Amino acid sequence: MRIIIAPAKKMNVDTDSFLPEGLPVFLERTQQLKNALLKRSPQELQALWKCNDAIARLNVERLAAMDLRCGLTPAVFSYEGMQYRCMAPGVMESAQLDYLREHLRILSGFYGLLRPFDGVTPYRLEMQAKLSVDGCRNLYQFWGSSLAHRLAEETDFVLNLASKEYSKAVAPHLPAPVRFLTCVFGDLSRGKVVEKGSLCKMARGQMVRWLAEHNITNPADIREFDQLGYRFSPELAAENTLVFLHTSDS
């Protein structure tokens, strides 16, 4: 089993708590993206990143000083978004971190596919960014089927806890034998499941933590997730989708 999640925009540097255990597998392609970004003016980068002036200045400075091989932070400790705060890898026990090493993979517009302890440096580049590079008009074209093929080499079952922006860089390219199961976290409103951004991110992070705490490897056991007021809804589930709804007393 491999669990895929999205990255977070906010990142930090921590070279003391845990040492990286390797470099990202697609680092040469990341270098291509870095070179493409360096060719753009600060104004062009801000437009690409869709951010305010302060964030643009920070990331222009980061890009200018960027070293892809030194001063790195393990990926799972580098991202600071809500999903990662709920996952809380910094307070996991060693057995739970071992679970992440084996089963968790982080999708990235800049790095492609990351193992939790791959060393990364802060960057800003979302998967949906319209960056033209190497004859490709965007990052979906740039990464193509490479991320899916890498996952297929590792497993025949992918648990999708990533946002649509990131999961669509993988799902269309997976070979038929690989099962792709998506978890949906939402509330029922007028007969429809409504997902709320912040709550979804929290639930995805909490599920990763729960999976690690219980050493879940059997797809059937995923339905037992019951954190943050969510419960599995068998009535709304489909062959490749598990739906978790807020309970009435949550």
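Since the structure is predicted, the reported quantities are computational estimates derived from the model, not experimental observations.
- Closest approach of Arg223 and Phe244 over heavy atoms only: O-CE2, 4.0 Å.
- To the nearest 0.5 Å, the span separating CE on Met202 from NZ on Lys196 amounts to 12.5 Å.
- Within the 4.5 Å cutoff, the side chain of Ile5 has no heavy atoms near those of the Tyr79 side chain.
- Val184 and Leu161 are not part of a single hydrophobic cluster, where members link through side-chain heavy atoms under 4.5 Å apart.
- Put simply, OG on Ser146 and CZ on Arg29 are 4.5 Å apart, with the number rounded to the nearest 0.5 Å.
- The aromatic rings of Phe77 and Phe18 lie parallel to each other, with less than 30° between the two planes, well short of the 60° mark.
- Residues Asp134 and Leu33 are not in side-chain contact: their nearest non-hydrogen atoms beyond the backbone lie 4.5 Å or more apart.
- In this structure a side-chain-to-backbone donor-acceptor pair under 3.5 Å is missing from Trp210 to Gln227.
- Under the 4.5 Å side-chain heavy-atom criterion for Ile, Leu, Val, Met, Phe, Trp and Tyr, Leu188 and Leu199 are members of distinct hydrophobic clusters.
- Side-chain N or O atoms of Tyr99 include one that pairs as donor or acceptor with a backbone N or O of Ile216 at under 3.5 Å.
- For the pair Lys130/Arg137, no side-chain contact is recorded, criterion being any heavy-atom separation below 4.5 Å from C-beta on.
- Looking only at side-chain heavy atoms (C-beta outward), Met87 and Gln206 stay at 4.5 Å or farther from each other.
- Although no hydrogens or angles enter the test, the distance criterion places a donor-acceptor pair under 3.5 Å between the side chain of Ser78 and the main chain of Asn12.
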*Can you check side-chain contact (heavy atoms from CB on, under 4.5 Å) on Leu23 and Leu72, steps first, answer last?*
CA-CA 9 Å; Leu23 293 171; Leu72 307 178; 3.5 Å; yes
*Kindly determine whether Leu211 and Leu104 satisfy side-chain contact (heavy atoms from CB on, under 4.5 Å), including the steps that lead there.*
CA-CA 10 Å; Leu211 291 167; Leu104 185 66; over 6 Å; no
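- Within the 3.5 Å criterion, the main-chain N or O of Ser41 finds a donor-acceptor partner in the side chain of Glu44.
- Proximity of Phe232 to Glu224: side-chain heavy atoms (C-beta onward) are nowhere separated by under 4.5 Å.
- One hydrophobic cluster, built from ILVMFWY side chains closer than 4.5 Å, holds both Phe157 and Leu147.
- Taking the ring axis of Phe185 as reference, the NZ or CZ atom of Arg204 does not stay both within 45° of it and closer than 6.0 Å to the ring centre.
- No hydrogens or angles considered: nothing links the side chains of Tyr123 and Thr30 as a donor-acceptor pair under 3.5 Å.
- The two residues Met92 and Ala212 make their nearest non-hydrogen contact at CE-CB, 4.2 Å.
- Under a cut-off of 6.0 angstrom, the local environment of NZ in Lys34 is crowded, with over 12 non-hydrogen atoms contributed by other residues, nucleotides or ligands.
- Under a cut-off of 6.0 angstrom, the local environment of CD in Glu93 is sparse, with at most 12 non-hydrogen atoms contributed by other residues, nucleotides or ligands.
- Under the 3.5 Å distance criterion, the side-chain polar atoms of Thr241 are left unmatched by any main-chain donor or acceptor of Ala237.
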*Please test Leu68 against Phe110 for side-chain contact (heavy atoms from CB on, under 4.5 Å), starting from the C-alpha separation and ending with a verdict.*
CA-CA 11 Å; Leu68 297 177; Phe110 190 57; 4.0 Å; yes
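- Linking Ile, Leu, Val, Met, Phe, Trp and Tyr residues whenever their side-chain heavy atoms come within less than 4.5 Å leaves Leu242 and Leu245 in two separate clusters.
- The main-chain N or O of Gln141 is found under 3.5 Å from a side-chain atom of Asn138 such that the two form a donor-acceptor pair.
- With respect to the salt-bridge test (charged N to carboxylate O, under 4.0 angstrom), the residues Glu61 and Arg57 do not qualify.
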*Could you please spell out the steps behind the salt bridge (Lys or Arg N to Asp or Glu O under 4.0 Å) verdict for Arg2 and Glu102?*
CA-CA 8 Å; Arg2 293 294 181 269; Glu102 175 66 20; 3.4 Å; yes
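- Of all heavy-atom pairs between Val170 and Phe180, the closest is CG1-CE1, 4.3 Å.
- In this structure, CD1 in Ile106 is found 11.0 Å from CD1 in Ile3, a value given to the nearest 0.5 Å.
- Side-chain N or O atoms of Arg105 include none that pairs as donor or acceptor with a backbone N or O of Val158 at under 3.5 Å.
- Using a distance-only test at 3.5 Å, with no hydrogens or angles considered, no donor-acceptor pair links the side chain of His246 to the main chain of Asp187.
- For Pro20 against Gly119, the heavy-atom pair with the smallest separation is CB-CA, 3.7 Å.
- Put simply, CG on Asp53 and CD on Gln46 are 4.5 Å apart, with the number rounded to the nearest 0.5 Å.
- In this structure, Thr121 and Tyr111 have side chains that are in contact, with non-hydrogen atoms separated by less than 4.5 Å.
- A donor-acceptor pair under 3.5 Å links the side-chain atoms of Arg40 to the main chain of Ala36, judged by distance alone.
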_Chi angles and distances behind the salt bridge (Lys or Arg N to Asp or Glu O under 4.0 Å) call for Glu126, Lys50_ = CA-CA 10 Å; Glu126 295 181 66; Lys50 297 180 180 178; over 6 Å; no
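- By the 4.5 Å heavy-atom criterion applied to side chains, His103 and Thr217 are counted as neighbours.
- Linking Ile, Leu, Val, Met, Phe, Trp and Tyr residues whenever their side-chain heavy atoms come within less than 4.5 Å places Leu38 and Leu27 in a single cluster.
- Listed here is the closest heavy atom pair of Leu113 and Val25: O-CG2, 4.0 Å.
- The line from NE2 of His214 to CZ of Arg209 is 11.0 Å long, rounded to the nearest 0.5 Å.
- Taking SG of Cys86 as the reference point, atom NZ of Lys201 lies at 11.5 Å (rounded to 0.5 Å).
- Side-chain contact between Ile222 and Met207: present, with at least one pair of heavy atoms (C-beta onward) separated by less than 4.5 Å.
- In plain terms, the two heavy atoms of Val194 and Ser189 that are nearest each other are CG2-CB, 3.8 Å.
- Remark: Arg101 CZ is packed, more than 12 non-hydrogen atoms of other residues, nucleotides or ligands lying under 6.0 Å away.
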*Run the numbers on Leu125 and Leu139 for side-chain contact (heavy atoms from CB on, under 4.5 Å), then give the verdict.*
CA-CA 9 Å; Leu125 189 65; Leu139 295 178; 3.8 Å; yes
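- Remark: side-chain polar atoms of Asn52 are paired, donor with acceptor, to backbone N or O of Ala54 under 3.5 angstrom.
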